[in-house]
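As the structure is a prediction and not an experimental result, all values here were calculated from the model.
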Amino acid sequence: MHDTVVAPGGGDLSVDVRNLTRVEGEGSLHLRVRDGAVESAHLEIFEAPRYFERLVVGRSMDEVIDIVARICGICPVAYQMTAVHAAEAAFGVEVHPATVALRRLLYCGEWIESHALHIYLLHLPDLLGYPSAIDLAQHARDTVEGGLRLKRAGNSIVARIGGRAIHPVSVRVGGFSRVIRRGEIESLRTDLIEAQQLADATIDLVASLQPPAFRRDARLVALRAADGYPMNHGRIVSNDGLDIDAAAWETMFDERHVPWSNALQALGRDGRPYLLGPSSRVTLDADRLHPRAAAALARLGVADRIAHEPNWSIAARAVELVHAVAEAADIVDAYEPPPSGAVEWAPRSGVASWATEAPRGLLFQRFGLDADGRVLDARIVPPTSQNQAAIEADLALYAPTILGRPHAEVTQLLEQLIRSYDPCISCATHFLDLQVEETS
Amino acid sequence: MLTASTPLQITRRRPRIGVVKFASCDGCQLTLLDLEDDLLAIADRVDIVEFAEATSKRSSGPFDILFVEGSISTPEQADEIVHLRAATTTLVTIGACATAGGIQALRNWADHDAVRSLVYPHPEYVESLATATPIADHVAVDAELRGCPISPDQLREFVTAVLAGRRANLPDEAVCAECKRRGVVCVAVVDGMTCLGPVTRSGCGALCPAYGRGCYGCFGPREAANGAGLATWLERDRSPSDVARAFALFDAWSPPFRRVIDANGGPPGPIDGPARREGPDA
Amino acid sequence: MTTNAILPTETEQAFLPRERLPSLLEALRRDGRTIIGPMVREGAVVYDEIRDTSDLPIGWRSDTAPGRYRLEETGSARAFDYGLGVSTWKRFAHPPRVPLTTTDPDGMVAAVEPDVPRVAYLGVRGCELAALGIQERILRAGPAGDADHVARRDAALVVAVECAVAMSTCFCTSTETGPEVADGADIVLAELDDGFTVRAITPAGERIVGQLGCNGATRAQVGAAAHQVAAVRSWIGYPLPTDGLAERLRAVPDHPRWDEIAERCLACTNCTLVCPTCFCTSVAVSSDLDGTTGATERVWDSCFTLGFGRVAGDANFRPRVADRYRQWLTHKFSSWWDQFGSTGCVGCGRCITWCPVGIDVREELIAIAPPGAAPAPIPWPPAPPLGHAPTPLATVDPARYVAVGVSGARRETADTMTLALETDDPALLASRPGQFVMVARPAQAVPPISISRIRPAGLDLTIRDVGPATAALAQSQPGDRLSLRGPLGRPWPIDGAFGGDIAIVAGGIGLAPLRPVIDEVLRERHRFGAVRIYVGARTPRDRLFVAELTGLRGRIDLEVEEIVDRGGPEWLGRVGVVTQLFEHAAWTGEHTTAFVCGPDRMMQAAARTLASRGVAPERTWVTLERNMACGVGLCGHCQLGPYFVCRDGPVFSVAELGDTFTVEGR
Amino acid sequence: MNHRVDPEIVDLVGRMLPHLPATSRRTLAAIGHDERPSAGVYLMRQGRPTLDTGFIIEGRVAVRDHIGPDDVTLMTLEPGDVFGWSAVLDGISTASIVALDDARVLLFERAGLLSAIEGDKGIAAAVYHRLLEAVASRLDATRLLMRDVYGPGNRA
């Protein structure tokens with residue numbers, strides 16, 4: 001199954017890395033090189049199509065919240081948050097401030113869980129030369145256990161607010177399915193105090209790493225909000241001057257269907273790839289970081305490498321871990337429950353569109369709604385499908401610099417580079433709706 | 001097919017464990033990593049030989065226990081599950097996709113070819129079967145863990161029971177039993193909510209009622225699930241389409257839920273093909 | 001606070017003004033008690049810890065209908081006009097989960113000592129008090145009471161409050177369990193607009209009431225309280241005619257309505273879990289990853305789950321929902337009288353309110369067993385006046401585990417082992433043929449195993465591997481230790497056969513519990529006439545105790561015949577079913593006592609053939625298998641008609657069983 | 001049926017069908033054959049036409065089915081038992097019958113038995129009753145075997 005083929009002799013070379021490991025979902029890399037130059041780099045996604053944009057048609061937005069979570073088991077909160085905010089914007093629902101805070105706390109939980117998972121179970125074994133965290137644990141059990149405890153702190157937040165760590169159940173249009181009691185939230189404090197220490201230790205760990213060198217300039221895109229580090233809302237900005245309303249995503253970006261992949265790839269309407277995720281956010285929103293996270297970033301002193309070296313994304317994730325833990329602790333301290341779980345609301349026709357920052361980057365959703373608030377058509381653009389073209393572009397740049405090395409090493413380095421983007425392939429596979437097809 | 005009460009073979013040497021996935025969201029296999037406290041202790045006692053999400057080491061078998069996530073949605077998957085079955089002693093399906101088809105099985109009601117060519121710019125790039133179906137429609141299944149996603153507690157119990165050589169405690173009773181033990185006030189009786197608890201298998205800890213909403217059936221039908229009985233009651237003050245809608249989620253394709261959906265006009269959504277492709281028991 | 005606490009006649013009633021209700025809570029708290037009482041939560045009245053009178057559901061009233069419950073605000077100052085809570089007091093007296101066993105430092109199974117809080121139940125209704133009494137009688141009875149329940153009830157003080165309102169689902173007047181508060185309370189309150197009349201019933205209640213410093217209630221106050229509850233009685237009326245209901249219900253096990261209900265019933269378990277008298281539980285096992293330490297806990301279960309009727313090898317006695325509903329309703333209103341000498345229903349109506357599809361037992365009972373319908377002939381012998389009295393057992397503490405050593409392990413067949421156990425425990429050594437023991441290992445379920453030989457220094461257990469627990473047991477080696485609870489159950493009545501002939505009929509593993517009968521009969525051979533042993537096995541390879549049987553066949557004072565279901569060419573003996581061995585035999589059975597053990601069907605066939613040979617049903621003894629979890633008649637799993645198989649059996653005469661022996665789904 | 005009737009056979013018929021009137025006994029005895037097959041002799045072969053109905057007087061016979069390489073004994077029959085019920089149904093033998101000991105059987109050829117049944121209501125009632133008993137007991141045995149094969153195990 002793990003099949004790497006390097007063509008013998010000549011200048012023509014074809015590298016296949018089948019069934020990428022330690023990424024969520026199923027993908028493979030196909031690279032064609034001619035005379036030392038990369039002719040094509042295709043990140044193939046063969047996750048079976050699941051047609052989500054079709055499955056939500058005819059559903060109420062509360063049902064959509066439950067359904068879109070199932071696009072990704074790693075970041076269900078991101079899908080729920082984007083859908084619920086889109087719905088509330090479309091229906092003109094003003095939620096209680098405590099609901100706003102709880103949703104941000106829920107999102108922090110998912111970031112903590114997802115980043116701890118990626119750093120400790122997926123990325124760190126790469127950088128330290130182990131096939132898995134389980135093998136790493138044979139030599140550095142404390143480190144892995146610490147990472148698992150950090151992950152558990154994130155899971156506890158999601159489970160406390162949403163009932164369970166994966167596919168939580170309480171997010172509803174207008175708020176939550178019931179009042180989340182103060183006692184339930186307070187009990188998170190102990191976990192978060194430990195998580196604070198573990199997140200700081202993660203910064204120290206990252207400071208000791210030597211990721212493989214690979215530098216390039218990339219177009220970085222993220223949300224940016226006036227009131228804090230981007231999570232639940234913001235405008236779309238880039239390091240080359242873009243600044244648009246999130247609902248206007250489709251005016252600047254579009255998706256295309258490439259023959260080697262079941263996922264749609266997004267590009268700028270100018271045809272340029274762009275990169276989302278922790279590195280983009282830390283670069284574009286450094287001034288919005290929690291003071292603790294800003295201090296951690298300063299201590300690491302790698303802001304420039306985060307912007308230019310994909311293998312340093314682990315540092316961006318570590319900084320965001322510190323941020324999410326610190327912000328979560330602040331929300332827990334200040335939490336006062338709202339008078340009711342959700343506010344009253346009524347559906348109306350219109351377009352619900354929104355973007356939030358999933359752990360892996362900007363997630364855009366748009367739903368056309370009828371007068372009963374039922375979905376007429378939908379578009380869901382996950383971060384990994386937006387990153388795919390940027391990853392391929394980086395691979396095409398990186399491959400020539402390592403091609404002289406032994407085959408196994410080439411494979412390993414390419415896999416590592418792909419993993420450094422934390423691609424979530426099951427999210428990337430989705431179903432394109434009719435409207436989009438006409439424009440593409 | 002064997003149920004949760006089926007004893008598993010006691011394996012004396014370190015069992016070889018695999019985790020594979022088909023069409024799914026990865027949430028069920030992530031639950032294995034979510035066993036945080038027990039993950040390393042379990043890893044000390046078994047050889048995890050295939051788990052693409054967690055390790056670069058790969059294996060195509062043999063497996064003493066193979067956890068299978070996801071439904072069969074492409075021709076390759078239909079072939080692969082047969083090969084995996086042949087290499088596996090105890091095949092365990094995890095989650096609603098693998099045990100019932102998952103949310104993507106809702107497309108089984110639609111005409112797949114029409115949908116595919118209608119909506120994909122290049123349908124020829126996309127290979128998928130007309131239906132998304134549970135693993136047990138393709139090969140024999142030895143045990144199943146229900147849920148969307150599976151419960152970490154049930155997964156822990158299952159693995160512990162296998163390692164300890166005892167019967168896993170995975171009841172096939174209704175969610176109501178857990179709900180009542182937990183002392184949750186019934187949302188159906190008090191608030192008149194639609195709650196699938198009486199026809200849904202327990203294992204979640206009566207999660208949704210405890211969070212103030214009706215059960216949405218993500219653990220699939222319990223034994224003797226009386227979907228028609230619940231539907232009849234619900235239809236006193238709901239339209240048939242609202243009854244179908246409630247059953248048309250992650251376990252829609254399980255026969256007891258499917259019968260209710262079919263009897264109430266099919267799942268929500270546009271009619272872009274035959275309302276259903278097979279009879280209620282197909 | 002047992003129901004029969006010796007206690008004075010009513011004291012003179014006191015009056016507690018409303019604003020001084022907190023003083024009652026304070027007095028209870030000073031008595032070291034956590035107060036459990038009604039409060040509003042999640043849109044309903046539930047019972048939970050009360051910290052303050054403001055926690056009480058002041059000004060709330062519940063409106064109930066089949067499958068429907070709504071709280072309404074009345075604006076009244078009254079705290080106890082809410083009707084009934086969703087919760088029942090059994091949540092506190094017989095909680096949903098109770099630890100049973102743990103693993104001791106020696107790796108043996110040990111019972112967990114009850115650890116219970118000192119509490120006061122505040123706001124117990126007449127029907128609820130009756131239910132507490134019913135549960136207490138059940139759980140204090142048997143060869144051993146339920147230690148946890150006994151401790152909880154002993155640690156609880158009951159403050160009852162008379163009903164001043166009724167709900168549409170109430171029918172306590174029909175079951176004669178309310179609305180008036182009867183026996184079992186320590187203090188009884190009646191709520192009036194300006195306060196409470198207070199009666200201390202027990203010394204414990206008097207101690208509390210004495211601290212309240214109340215004045216005496218006026219005649220008018222006492223009269224108003226009496227008038228209130230009388231109004232409730234007349235409002236409820238008599239919605240369910242219960243006269244002769246137990247007998248009428250017995251008559252209709254085949255009524256078509258059972259199948260019709262099964263189309264509506266979701267078998268969700270709600271009716272049983274909200275029922276204040278339902279007491280059934282199952283045992284859940286947990287363990288560490290290595291299977292070296294484990295624990296068990298007792299968990300609320302219900303006769304509506306499939307698992308509840310499941311026995312070894314995944315057979316099931318109540319596969320159909322119609323069977324389960326019939327079992328529940330018949331138990332509540334009919335066989336409960338036989339088992340416990342009381343109604344199983346207190347008319348609280350919770351099963352009606354909390355049924356998610358609004359099934360109303362009152363309606364179903366009237367449809368199935370209408371008043372005026374002919375009562376059934378009793379299908380089993382009439383119950384003694386105070387309920388069914390089990391045969392007394394040797395005085396052992398059935399909750400106690402004894403560690404015993406395995407001294408030998410002999411393979412009988414491919415799936416059956418005989419373990420020889422050594423012990424000096426007097427109770428175990430006093431086991432009688434036909435009794436069984438619960439065999440525990442730390443990480444395994446605890447199966448009941450029949451004793452297959454009683455030796456001066458130990459017991460033999462013959463174990464067939466039908467699941468993980470028995471498989472693990474069958475792998476025991478000499479030197480291993482097991483934890484045993486028992487001996488349990490009623491033995492074979494061998495002494496009743498003195499002076500007559502004996503027929504022993506065994507099918508398969510059923511020979512194991514009959515082996516001690518053979519041992520004892522041979523030891524006292526002179527006391528019996530002809531002794532005939534008929535043994536069936538599935539195949540020649542499945543025969544048990546082959547050498548022993550061969551030895552017995554050589555004796556001139558015994559007739560030993562064997563038959564197998566399927567014989568290969570190597571088998572020269574008889575092939576067929578075990579009844580063939582005696583259906584054409586020359587003997588007649590007037591003086592024969594038969595002991596039969598095997599699969600249910602085989603026992604039924606044997607009983608028929610024995611009857612045709614003239615063996616009386618009173619002298620045809622069978623041993624039944626049900627899902628025996630507690631072994632002492634407290635968990636409800638092995639109910640069969642009026643019996644608990646574990647406690648009243650497993651040995652029964654065919655006459656005692658009546659039609660429960662042959663009707664499916666019982 | 002005027003030829004001389006063997007009184008021993010009349011006696012055997014009486015033992016096998018005790019409720020049959022004396023004249024009918026003689027009618028039946030006239031067509032009966034007292035046979036003494038030795039151990040191992042096949043009285044009936046599975047899949048062949050059933051030529052006789054027989055009563056076992058002495059010894060034991062086995063009812064065998066050809067399953068796989070070996071014959072499987074479905075049941076053993078003892079004195080008083082009847083075999084060959086398919087003879088009256090124009091049937092084919094569903095199993096083989098083989099003597100396990102040196103046995104003695106009372107055989108009735110199919111054609112003769114059928115005409116005796118047609119001509120004498122008493123014979124019909126007695127023979128059919130006896131055959132029905134035999135079939136019922138086989139069915140009962142079969143049902144128990146089915147339970148054994150498909151049902152779960154018994155007491156552990």
Residue pairs fulfilling salt bridge (Lys or Arg N to Asp or Glu O under 4.0 Å) with at least one residue in residues 211-220 of chain B, sequence neighbours excluded: Asp66(A)-Arg213(B)
Under 4.5 Å, counting heavy-atom pairs only, tell me which of Ala174(B), Gly197(B), Ala177(B) racks up the most with chain C. Ala177(B)
If the plane angle is over 60° it's perpendicular, under 30° parallel, otherwise tilted; pick one for Trp89(C) and Phe92(C). tilted
What residue in Arg264(C), Gln444(C), Arg97(C) has the most heavy-atom pairs under 4.5 Å with chain B? Gln444(C)
Note: vs chain B, highest number of non-hydrogen pairs under 4.5 angstrom among Ala469(C), Gly358(C), Ala262(C) is Gly358(C)
Between Ala44(C), Gly291(C), Gly67(C), who has the most heavy-atom pairs with chain B when the cutoff is under 4.5 Å? Gly67(C)
Using non-hydrogen atoms only, which part of Val321(C) is less than 4.5 Å away from chain B: side chain, backbone, both, or neither? side chain
Contacting moiety of Arg441(C), where chain B heavy atoms sit under 4.5 Å: neither
With a 4.5 Å cut-off on side-chain heavy atoms, are Thr160(B) and Ser287(C) touching? yes
In terms of relative ring orientation, are Phe247(B) and Phe257(B) parallel, tilted or perpendicular, with 30° and 60° separating the classes? perpendicular
Where does Arg181(B) contact chain C at under 4.5 Å (heavy atoms): side chain, backbone, both or neither? both
Chain B contact via Ser302(C) - which portion, at a heavy-atom distance below 4.5 Å: neither
Any Val446(C) side-chain heavy atom under 4.5 Å of Val283(C) side chain: no
Is Arg70(C) salt-bridged to Asp63(C), cutoff N-O under 4.0 Å? no
What part of Ala267(C) gets closer than 4.5 Å to chain B, counting heavy atoms only: side chain, backbone, both or neither? both
Assess the side chains of Ser62(C) and Thr64(C): does a donor N or O sit below 3.5 Å from an acceptor N or O? no
Glu263(C) versus chain B, heavy atoms under 4.5 Å apart: side chain, backbone, both or neither? backbone
Is Ser151(B) close to Phe219(B) at the side-chain level, that is, under 4.5 Å between some pair of heavy atoms? yes
Under 4.5 Å from a heavy atom of chain B, the part of Val285(C) involved: both
Side chain, backbone, both or neither of Pro442(C) within contact of chain B (heavy atoms, under 4.5 Å): neither
Sort Ala65(C) into side chain, backbone, both or neither according to what part of it lies under 4.5 angstrom from a heavy atom of chain B. neither
Please check: side-chain N/O of Arg324(C) versus main-chain N/O of Arg318(C), any donor-acceptor pairing under 3.5 Å? yes
Would you say Thr99(B) and Thr93(B) are linked by a side-chain donor-acceptor pair, where the criterion is simply a distance under 3.5 Å? no
Residues in salt bridge (charged side-chain N to carboxylate O under 4.0 Å, His left out) with Asp47(B), at least two apart? Arg14(B)
For each of Asn226(B), Leu234(B), Thr232(B), Asp38(B), tally heavy-atom pairs with chain C at distances under 4.5 Å, and name the one with the top tally. Asn226(B)
Contact part of Asp288(C) toward chain B, heavy-atom cut-off under 4.5 Å: side chain, backbone, both or neither? backbone
With chain C, the option among Val199(B), Val185(B), Val175(B) that has the most non-hydrogen atom pairs under 4.5 Å is Val185(B)
With a 4.5 angstrom heavy-atom cut-off, which part of Arg182(B) approaches chain C: side chain, backbone, both or neither? backbone
